[in-house]
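A quick write-up on the structure given underneath.
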Amino acid sequence: MSPRASKPRAAKAPVAPLDPEHVLRATYALDRAYVRRLNDHVVHSGTAEMLVVSPATGQPVGSVSTSTAADVAVAFDVARDAARTWAETSFEEREQLLMRLHDLILDRQDEIMDLICWESGKARIHAFDEPLHVALTARYYARTLHKHLGPKRRDGVVPFLTRIDEHRTPKGVVAIISPWNYPFTMAMVDGLAALAAGNTVVAKPDHHTPLSALLGADLLREAGFPPGVWQVLVGSGRELGTPMIERADYVCFTGSTATGKLIATQCAERLTGCSLELGGKNPILVLADADLDRAAEGAVRAAFSNGGQLCVSTERLYVAREVYDDFVAKFVARTKSMRLGSSHGWGVDMGSLISAEQLAVVDEHVRDAVKHGARVLAGGKARPDLGPHFYEPTILEDVTPAMACHGDETFGPVISVYPFDSEDEAIELANTGDYGLNAAIYSRDVERARALATRVHCGTVNVNEAFGATFASIDAPMGGMRSSGMGRRQGAEGILRYTEVQSVATQYILRFGPHWGMTDEAYAGVMTAAVKLLSWLGRA
Ligand code: NAD
């Protein structure tokens, strides 16, 4: 447990409806016809719209329709209808569609990155990760559908006389509730696995970033996925979340631990399965024999990718005392040389934070740490000269458990560095706190690092890499232990969660129960002898 109770975050600003007159008069950064095309994918019956604003510049980007609780019912009806035919499609048809989507995404990367930059404010290099991750996921599930979902034989109780066939069937309609930080990938990847398994999807992206999710729906349609299999709702989670959960056959949620707990409770009441990809307070361990340049480069990416607004990004850095000064000097120098900016072109190392609320949390964590005696080694202040929500990449030293940033997730560009004296101490420090999402270990002795990794209580651990190795290896399950979540995305686990499993047994010759005139006692004796024989044969 974290030594100080974590303070709940300030409530997010509600979705503000737009005055229709304003919509007509406004000047938007994106072409109106383009946004209208994306807006066609919103399930909505009313005329209410909300504004999408660039967090990097404050410019209005475009306006999109918002959905109501009544629209949730429509979305689920359509998706349920579509699920009947979609579940009957062959693995080959699904494979072809997923591969077409993969090709389209790679062909249209620039358009996807532009849109992500507009509505999330992130640097292009971090937007680049998103189409790549979605394309890799589409390809992975296209290529492994048969392996994961095809009928399988299991061992029957009586060799040769009991045959077991295992079948996987789709759950039905899957609700995907996703956050703003990786708005294209988070809205798409979990849903693609659900579609691949024969389910249909009702997706609700965060209201800060609906356009990236709508572009995803547009690409699915262009790739040839049938109408109805992917429905998008736009609006507030508090308003749309409960009616979605009431109708879903499975819920996949990515977001904060606080919201994840609410969703788990609602799912439990209906006995609906759910997976929860939640927050983290991820550690990096730099061992005494690490390549310090490589570790410093990795630490910069781990801490400041997308301004630290990445579930697997690092906020705690533990360094062997004998290399602490050398490592910190390299890390600080690299951090201070980072290029910040709001340009959507290449060459920017870090963009904006998403909102005033996110900026306030970051600012408060740093102020609180400094007030209680922490030292700022790099950064430490907002940069209104660059845009309304910019904050410098920040490194803190001498952070103690009394400070908010010690155990609470900042979800921003702030990292604390601590020395350690032994590897046992480093593991103990890494396992401190409630979260268990991602970790990284830097060492030249990869065997030793891999052995240490198994003692870290995190769902993913990267050796000599910050987070990309596990995140981009789609065959590897990804998700959190403890307060970082339940269930896994990616790999077999990422698709099997969306299926029901059925075992069909066929019994030959031998019946269960006394037969051929046997007494109950004789039957029990024969069966016990048979079990002993099978155990003996198994050991022989
Ligand atoms: P959040 O929980 O506030 O919002 C996430 C989504 O949940 C949004 O779509 C939102 O509209 C919806 N939502 C909000 N209240 C809801 C409710 N009562 N019922 C149903 N849906 C509701 O999260 P956030 O603060 O916007 O996102 C940042 C958090 O997400 C961080 O803690 C981060 O670590 C986590 N995250 C985790 C992963 C992962 O894979 N583990 C990935 C990205 C982000």
Side-chain angles (χ1 to χ4, degrees), residues 6 8-15 50 55 66-67 69 72 120 122 129-130 133 175-190 202-210 212-213 232-248 251-267 274-282 305-315 353-355 357-358 360-362 408-412 434-438 458-460 467 470-471 477-490 494:
S6 56
R9 285 170 176 249
K12 286 205 279 189
V15 178
M50 56 158 271
T66 50
S67 315
V72 175
S120 74
K122 68 175 66 172
D129 293 342
E130 302 208 39
H133 191 232
I176 306 281
I177 302 178
S178 57
W180 43 262
N181 62 336
Y182 277 69
F184 185 67
T185 192
M186 289 294 122
M188 295 290 287
V189 289
D190 294 300
V202 176
K204 195 211 78 64
D206 191 273
H207 67 271
H208 287 98
T209 53
S212 303
V232 184
L233 296 161
V234 170
S236 130
R238 256 176 278 168
E239 196 187 327
L240 306 179
T242 301
M244 286 179 77
I245 294 163
E246 281 167 357
R247 288 170 175 80
V251 179
C252 169
F253 170 76
T254 306
S256 62
T257 299
T259 310
K261 285 179 181 171
L262 282 177
I263 287 177
T265 309
Q266 292 181 46
C267 286
C274 64
S275 52
L276 308 168
E277 312 285 341
L278 308 176
K281 187 78 186 172
N282 308 303
S305 284
N306 192 27
Q309 302 166 118
L310 169 62
C311 56
V312 289
S313 69
T314 300
E315 297 190 2
L353 302 183
I354 189 75
S355 62
E357 291 88 0
Q358 206 61 30
V361 174
V362 171
D408 295 357
E409 183 187 40
T410 308
F411 213 54
D434 300 332
Y435 293 112
L437 190 58
N438 180 56
C458 286
T460 48
F467 61 85
T470 48
F471 202 76
M478 208 231 116
M481 299 181 183
R482 302 180 285 159
S483 292
S484 290
M486 275 173 21
R488 297 289 183 268
R489 64 163 54 104
Q490 305 193 166

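Atoms within a ligand are numbered from 1 in the order they appear, just like the ligands themselves.
- Near Thr254, meaning under 4.0 Å from one of its heavy atoms, ligand 1 places the atoms 5 (C), 37 (C), 38 (C), 39 (C), 40 (O), 42 (C), 43 (C).
- Put simply, the side chain of Tyr435 reaches to within 4.5 Å of the side chain of Thr257, judged on heavy atoms.
- Polar contact with ligand 1: present for Thr259 (N/O pair, distance under 3.5 Å).
- With ligand atoms numbered from 1 in the order given, ligand 1 contributes 43 (C), 44 (C) to contacts under 4.0 Å with heavy atoms of Asn181.
- At under 3.5 Å, a nitrogen or oxygen of Gly255, whether backbone or side chain, sits near a nitrogen or oxygen of ligand 1.
- Close N/O approach between Thr257 and ligand 1 is not found [any backbone or side-chain N/O within under 3.5 Å].
- Contact of the Thr254 side chain with the Arg489 side chain is registered, since non-hydrogen atoms from C-beta on lie closer than 4.5 Å.
- Inter-residue side-chain proximity for Cys252 and Ile176 is flagged as met; some heavy-atom pair is nearer than 4.5 Å.
- We find the OG-CG distance between Ser313 and Asn306 to be 8.5 Å, quoted to the nearest 0.5 Å.
- Put simply, the side chain of Arg482 does not reach to within 4.5 Å of the side chain of Leu437, judged on heavy atoms.
- Not one N or O of Ser484 is nearer than 3.5 Å to an N or O of ligand 1, by distance alone.
- When only interatomic distances are considered, the shortest N/O to N/O separation between Pro179 and ligand 1 does not fall below 3.5 Å.
- Atom CD of Gln490 is separated from atom OG1 of Thr470 by 8.0 Å, given to the nearest 0.5 angstrom.
- Between Ser256 and ligand 1, an N or O atom pair is found at a separation short of 3.5 Å.
- Contacts between Ile177 and ligand 1 below 4.0 angstrom, taking non-hydrogen atoms only, involve the side chain exclusively.
- For ligand 1, the atoms sitting less than 4.0 Å from at least one non-hydrogen atom of Gly279 are 32 (O), 34 (O), numbered in the order shown with element in parentheses.
- The shortest N or O to N or O distance between Ser178 and ligand 1 is below 3.5 Å.
- Distances shorter than 4.0 angstrom do not occur between any heavy atom of Gly480 and any atom of ligand 1.
- Proximity to Trp180 (heavy-atom distance under 4.0 Å) selects the following atoms of ligand 1: 24 (P), 26 (O), 27 (O).
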Next item on the list: Go through the steps to decide whether Lys122 and Glu130 satisfy the test side-chain contact (heavy atoms from CB on, under 4.5 Å), and finish with yes or no.
Entry: CA-CA 11 Å; Lys122 68 175 66 172; Glu130 302 208 39; 2.5 Å; yes
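- Remark: ligand 1 atoms within the under-4.0 Å shell around heavy atoms of Glu277 are 37 (C), 38 (C), 39 (C), 40 (O), 41 (N).
- Between the side chain of Asn282 and the main chain of Asn438, a donor-acceptor pair closer than 3.5 Å is present.
- At least one heavy atom of Phe253 sits closer than 4.0 Å to an atom of ligand 1.
- Contact of the Val361 side chain with the Phe411 side chain is not registered, since no non-hydrogen atoms from C-beta on lie closer than 4.5 Å.
- For the pair Lys204 and Phe253, the cation does not sit on the ring face, since its NZ or CZ is not both under 6.0 Å from the ring centre and inside 45° of the axis.
- Within the 4.0 Å heavy-atom criterion, the part of Glu409 lying near ligand 1 is the side chain and not the backbone.
- Residue Arg489 places a heavy atom less than 4.0 Å from ligand 1.
- Counting heavy atoms from C-beta on, the side chains of Ile245 and Cys267 come closer than 4.5 Å.
- Residue contacts with ligand 1: Thr242 is placed with no nitrogen or oxygen under 3.5 Å of a nitrogen or oxygen of the ligand (distance criterion only).
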